[in-house]
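Computed over heavy atoms, backbone and side chain alike; hydrogens, waters and symmetry mates excluded. Order of listing sets the numbers, starting from 1, for every ligand and every atom in it. These numbers were taken from a predicted model, which means no experiment stands behind them.
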Amino acid sequence: MKKPTLAITVPCYNEELCVESTVNSLIEVLRDLMAKDKINPDSFIYLVDDGSKDRTWEIISRLHEKNNLVKGAKFIKNFGNQKAHIAALLGVRELGCDCAVSIDADLQQDQWAIEKFIDKYMEGADIVSGIRNSRDTDSFLKKTTALCFYKLMNLLGVKIPVNQSDYRLVSKKTLDILSQYPEKQVFLRGFFNEIGLKNEIVNFDVKPRLYGESKFNYMTLIGLALNGITSFSITPLRIIAVLGFFMALFAFGLGVHVLIEKYIIHNTPAGWATIVVLMAFFGGLQLFCMGIIGEYLGQVYREVKARPRYIIEKELR
Ligand code: UDP
Ligand code: MG
């Protein structure tokens, strides 16, 4: 296989403190790989500014003027990290590359692992996923909730390895498939594990964030998790159906029991407690199930409107 043109894609949201040093480190990686003759000299870095409110885009533009290895696009407003990733991947596909590696702007992922990604690519892998060696840089709460999420996804039939991140290499072929997915809410970790291309993994170390703070809060993480589930699994809907069936069976049995008590044994107790407990139980259960259905309805609602995924204001090629 001939040596590839590599595009490194970086989503950036309010990263004015990180972006310059990150770009410099990534340029160093590109130069190193070029010197080792592992990638083509027309390889580049592509940054998507996800509607930052700080000087991020200014810095990216300046870096682009200084060095043509640096390219990028700017969203008109904040569309969220998944959309920034998708825009970056589709953007580099348009510009032309053989493979793309996505990495975070805070460079928490070890950028020197990119060489291992390229090696796996050269051995024929279409997707190389970065797996964190540990999550020591995350808080206890984030670690446990993330673990629960991956376990739940696996139970629901979406096989994502635990500790996967959005640090991965994908081939041109994968990008072509991504471009054929019309759905607006693509959950990338699910997508890349689903499409059936050859998947390899590379382990890497996570570093603490260099500057600034995490751009995710628990609300966005919950949103990401719900989106991941509802866009890749309909098992919760089936569980509701099965649950509903057994509940109906139970209610029927209870009805028979009550009738026997009333007309045959002639022993109708006050029964207040039972009624209150059952009402609360069924009320809660129904609301919960409606909530799950509502999530799917919301997913359909968003997709059916078919609005653009994101809007690009400017691009630096
Ligand atoms: N990010 C983004 N849009 C957002 C939030 C985050 O593009 O709305 C980017 C952010 O700039 C970074 C990556 O997504 O490059 C991961 O974010 P962060 O490092 O804050 O997340 P954490 O590592 O804490 O999970
Ligand atoms: Mg980070």
Asks: Return the closest protein heavy atom for atom 9 (C) of ligand 1 as residue, atom name and distance.
Replies: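 The closest heavy atom on the protein side is P11 O, 3.9 Å.
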
Asks: Any chance the side chains of T56 and E16 put a donor and an acceptor closer than 3.5 Å?
Replies: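 Side chains of T56 and E16: no pair found under 3.5 Å.
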
Asks: Going by an N to O cut-off under 4.0 Å, is there a salt bridge joining K36 and E115?
Replies: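 The answer is yes: the pair qualifies as a salt bridge.
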
Asks: Anything under 30° is parallel, anything over 60° is perpendicular, the rest tilted; go ahead and classify F149 against F187.
Replies: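 Taking F187 first and then F149, their aromatic rings stand perpendicular (interplane angle over 60°).
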
Asks: When you check the side-chain N and O atoms of S171 and T174, is any donor under 3.5 Å from an acceptor?
Replies: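 On atom types as modelled, these side chains qualify, holding a pair under 3.5 Å.
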
Asks: Do N227 and Q299 meet the criterion of a side-chain donor-acceptor pair at a distance under 3.5 Å?
Replies: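 Distance-only check passes for N227 and Q299.
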
Asks: Which atoms of ligand 1 have any heavy atom of E15 under 4.0 Å away?
Replies: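 So the atoms of ligand 1 that pass are 10 (C), 11 (O), 12 (C), 15 (O).
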
Asks: Do you see a donor-acceptor pair shorter than 3.5 Å between the side chains of N24 and S21?
Replies: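 No, because no side-chain N or O of N24 sits under 3.5 Å from a partner of the opposite role on S21.
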
Asks: Would you mind running through ligand 1 and noting each atom that sits below 4.0 Å from a heavy atom of D106?
Replies: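 Result: 19 (O), 23 (O).
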
Asks: Check D98 with K3, please: is the shortest side-chain N to carboxylate O separation under 4.0 Å?
Replies: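 The answer is no: the pair does not qualify as a salt bridge.
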
Asks: Answer side chain, backbone, both or neither: which part of A105 comes under 4.0 Å from ligand 1, heavy atoms only.
Replies: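 Contact part for A105 vs ligand 1: both backbone and side chain.
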
Asks: Could you identify the single nearest non-hydrogen protein atom to atom 24 (O) of ligand 1 and state the distance to 0.1 Å?
Replies: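 Nearest protein contact, heavy atoms only, for atom 24 (O) of ligand 1 is S214 OG, 2.6 Å.
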
Asks: Identify whether the distance between the nearest side-chain nitrogen and carboxylate oxygen of E15 and K215 falls below 4.0 Å.
Replies: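 Salt bridge present between E15 and K215.
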
Asks: Taking both backbone and side chain into account, is any N, O or S atom of S214 nearer than 2.8 Å to the Mg ion (ligand 2)?
Replies: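 Under 2.8 Å: S214 has no N, O or S contact with the Mg ion (ligand 2).
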
Asks: Ignoring hydrogens and angles, tell me if any N or O in the side chain of K74 forms a donor-acceptor pair with the backbone of D49 under 3.5 Å.
Replies: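 A pair under 3.5 Å: no.
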
Asks: Pick from I114, D110, V206: which one makes a side-chain contact (heavy atoms from CB on, under 4.5 Å) with Y167?
Replies: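 Between Y167 and the candidates, side-chain contact (heavy atoms from CB on, under 4.5 Å) is satisfied uniquely by I114.
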
Asks: Ring of Y301, cation from K305 - is the NZ or CZ under 6.0 Å from the centre and inside 45° of the axis?
Replies: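 Cation-pi check for K305 and Y301: passes.
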
Asks: Between E20 and R62, is the closest basic N to carboxylate O distance under 4.0 Å?
Replies: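 Salt bridge between R62 and E20, a charged N being under 4.0 Å from a carboxylate O: yes.
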
Asks: Would you say D106 has an N, O or S atom lying under 2.8 Å from the Mg ion (ligand 2)?
Replies: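 Coordinating: yes.
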
Asks: Check each atom of ligand 1 against the heavy atoms of G80 and keep those under 4.0 Å away; list them by number with element.
Replies: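 What qualifies from ligand 1 is 3 (N), 8 (O).
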
Asks: What is the nearest protein non-hydrogen atom to atom 18 (P) of ligand 1, stated with its residue, atom name and distance?
Replies: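 Protein heavy atom with the smallest distance to atom 18 (P) of ligand 1: R209 NH2, 3.5 Å.
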
Asks: Backbone, side chain, both or neither: what part of N78 comes under 4.0 angstrom of ligand 1, heavy atoms only?
Replies: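 Under 4.0 Å from ligand 1, N78 contributes side-chain atoms alone.
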
Asks: If the contact criterion is a heavy-atom separation under 4.0 Å, does H85 count as touching ligand 1?
Replies: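 False for this residue.
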
Asks: Distance to 0.1 Å, residue and atom name: give those for the protein heavy atom nearest to atom 3 (N) of ligand 1.
Replies: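 Scanning the protein heavy atoms, the shortest distance from atom 3 (N) of ligand 1 goes to D50 OD2, 2.6 Å.
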
Asks: Is it the side chain, the backbone, both or neither of K142 that has a heavy atom closer than 4.0 Å to ligand 1?
Replies: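 The answer is the side chain.
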
Asks: Hey, which atoms in ligand 1 end up nearer than 4.0 Å to a heavy atom of Q108?
Replies: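 What qualifies from ligand 1 is 19 (O), 23 (O).
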
Asks: Taking distance alone, with no angle check, do A84 and ligand 1 share an N/O pair under 3.5 Å?
Replies: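 No, since none of the N or O atoms of A84 sits under 3.5 Å from an N or O of ligand 1.
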
Asks: Give me the nearest non-hydrogen protein atom to atom 14 (O) of ligand 1 as residue plus atom name, then the distance to 0.1 Å.
Replies: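 Scanning the protein heavy atoms, the shortest distance from atom 14 (O) of ligand 1 goes to N81 ND2, 3.0 Å.
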
Asks: Taking non-hydrogen atoms only, is K215 closer than 4.0 angstrom to ligand 1 via side chain, backbone, both or neither?
Replies: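 Within the 4.0 Å criterion, K215 contacts ligand 1 through backbone and side-chain atoms alike.
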
Asks: Nearest to atom 21 (O) of ligand 1, what protein heavy atom do you find, and at what distance?
Replies: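 For atom 21 (O) of ligand 1, the nearest protein heavy atom is F216 CD1, 3.1 Å.
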
Asks: Geometry only, no angles: is E213 polar-contacting ligand 1 at N/O separations under 3.5 Å?
Replies: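 There is no such contact.
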
Asks: Write out the residue and atom name of the closest protein heavy atom to atom 13 (C) of ligand 1, then the distance separating them to 0.1 Å.
Replies: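 Among all protein heavy atoms, the one nearest atom 13 (C) of ligand 1 is D104 OD1, 3.4 Å.
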
